[in-house]
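Beneath this line is the structure, given in structure tokens, with notes to follow.
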Amino acid sequence: MAEAERIIGTPDIPEAAGAEPERSVPGSDAAAAAEPAAESDGAKDATDAKGASEGSDGAEGESGGAAAGTSGDAADGADADGPKDKGKRKIAVLFAVAVFAYALDLISKMIVVAKLEHHEPIDVIGDWLRFNAIRNAGAAFGFGEAFTVIFTCIAAGVIVVIARLARKLYSLPWAIALGLLLGGALGNLTDRLFRSPGVFEGAVVDFIAPKGFAVFNLADSAIVCGGILIVLLSFRGLDPDGTVHKD
């Protein structure tokens, strides 16, 4: 029997061979179990990142749409405010022209009163044009000296009408024309209010004396130029609000 076992051989039994039972390495089971969990967490993170990216794209789309809507609203607001801004610019032109004409007239009269009044006339172009200081109690070019108070009231009324008309002003030529009228009216009205012989009866200082024509001043010139420009604009059919009509 022993001989037979020797020939056949003993079976591979660990216990019989005296081998120790297989032991698992500490932590290996946990690592093996953690690998699927890690893969699962990685997939979850990738999914979350994708979702965040999509959410970011959606937010960018919404912000882009909001920006486009805002810019569209801003453009609409600019279009709506365009006429108002245009009217403000024309009003600014009107008052700038009026201030320039008024200042030029006022400075010229101060120089004439200080240097030329009570002196001999100054020949500018021979006897065709002279500077000759006089006091005019009438209207422009020396007409109607008996109606000083009436002309003063008319000048004040013209100023009020121009100021009210400026609110509906959208035409640059009209702004220039009304500015000339306003500056000239203010220049002569200042003389009538503050020069002798008294308030509303003051005499206007005139000094430009062409040969064979009435003596006038720069305020009279501004009024005449503004009036001529208004007549031309009316013939062309251009209204103060910028519209053009043809009769």
Tracing side-chain contacts under 4.5 Å among Ile, Leu, Val, Met, Phe, Trp and Tyr outward from Phe235 reaches Val231
With sequence neighbours left out, the residues meeting side-chain contact (heavy atoms from CB on, under 4.5 Å) with Ala101 are Ala222
When rounded to the nearest 0.5 Å, the distance separating CG of Leu189 from CD1 of Ile159 is 4.5 Å
Residue pairs passing the salt bridge (Lys or Arg N to Asp or Glu O under 4.0 Å) test with at least one member in residues 167-189, sequence neighbours excluded, are none
Tightest non-hydrogen contact, residues Ala209 and Asn132, listed as CB-CB, 4.3 Å
Note: Ala166 and Leu94 closest approach over all heavy atoms is CB-CD1, 4.3 Å
Is Ile122 linked to Val205 within one hydrophobic cluster, defined over Ile, Leu, Val, Met, Phe, Trp and Tyr using a side-chain heavy-atom separation of less than 4.5 Å? yes
Here the ring-ring contact (aromatic ring centres under 6.0 Å, His included) pairs for residues 113-133, sequence neighbours left out, are Phe131-Phe207
Correct closest heavy-atom pair for Gly227 and Leu181 would be N-CD2, 4.0 Å
Smallest heavy-atom separation, Val215 atom then Asp206 atom, equals O-OD2, 3.4 Å
Query - Val99 with Ile223, same ILVMFWY side-chain cluster at under 4.5 Å - result: no
CG (Leu169) and NZ (Lys88) are apart, to the nearest 0.5 Å, by 14.5 Å
Separation between CD1 (Ile228) and CG (Leu233), nearest 0.5 Å, reads 12.0 Å
Sorted by chain and number, sequence neighbours left out, side-chain contact (heavy atoms from CB on, under 4.5 Å) with Phe100 holds for Leu104
Would you confirm whether Trp174, through its side chain, and Lys90, through its main-chain N or O, come within 3.5 Å as a donor-acceptor pair?
no
Residues passing the side-chain hydrogen bond (donor to acceptor under 3.5 Å, both in side chains) test with Thr190, sequence neighbours excluded, are Tyr102
So salt bridge (Lys or Arg N to Asp or Glu O under 4.0 Å) across residues 98-119, not counting sequence neighbours, yields Asp105-Lys109, Lys109-Asp191, Glu117-Arg135
Linking I/L/V/M/F/W/Y whenever any side-chain heavy atoms sit under 4.5 Å apart, do Leu165 and Ile230 land together?
yes
The side-chain hydrogen bond (donor to acceptor under 3.5 Å, both in side chains) partners of Ser196 (sequence neighbours excluded) come to none
For Pro210, the side-chain contact (heavy atoms from CB on, under 4.5 Å) test, sequence neighbours excluded, returns Leu129, Ile208, Phe213, Phe216
Distance col, row Asn217:CG vs Asn136:CG, nearest 0.5 angstrom, shows 8.5 Å
Discussion item. Go through it in stages, so that I can follow the logic: the residues are Val93 and Leu172, the test is side chain to side chain contact (heavy atoms under 4.5 Å, CB included), and I'd like the CA-CA distance, side-chain angles, deciding distance and then a yes or no.
Written reply: CA-CA 8 Å; Val93 171; Leu172 180 60; 3.7 Å; yes
CD1 of Ile111 to CG of Leu106, rounded to nearest 0.5 Å, is 10.0 Å
Grouping ILVMFWY residues whenever side-chain heavy atoms fall under 4.5 Å, the cluster of Val160 otherwise contains none
* Joint cluster assignment, Phe194 & Ile107, ILVMFWY side-chain distance < 4.5 Å -> no
dist Ile162:CD1 -> Leu180:CG (nearest 0.5 Å) comes out at 9.5 Å
For Asp241, the side-chain contact (heavy atoms from CB on, under 4.5 Å) test, sequence neighbours excluded, returns Tyr170, Asp239, Thr243
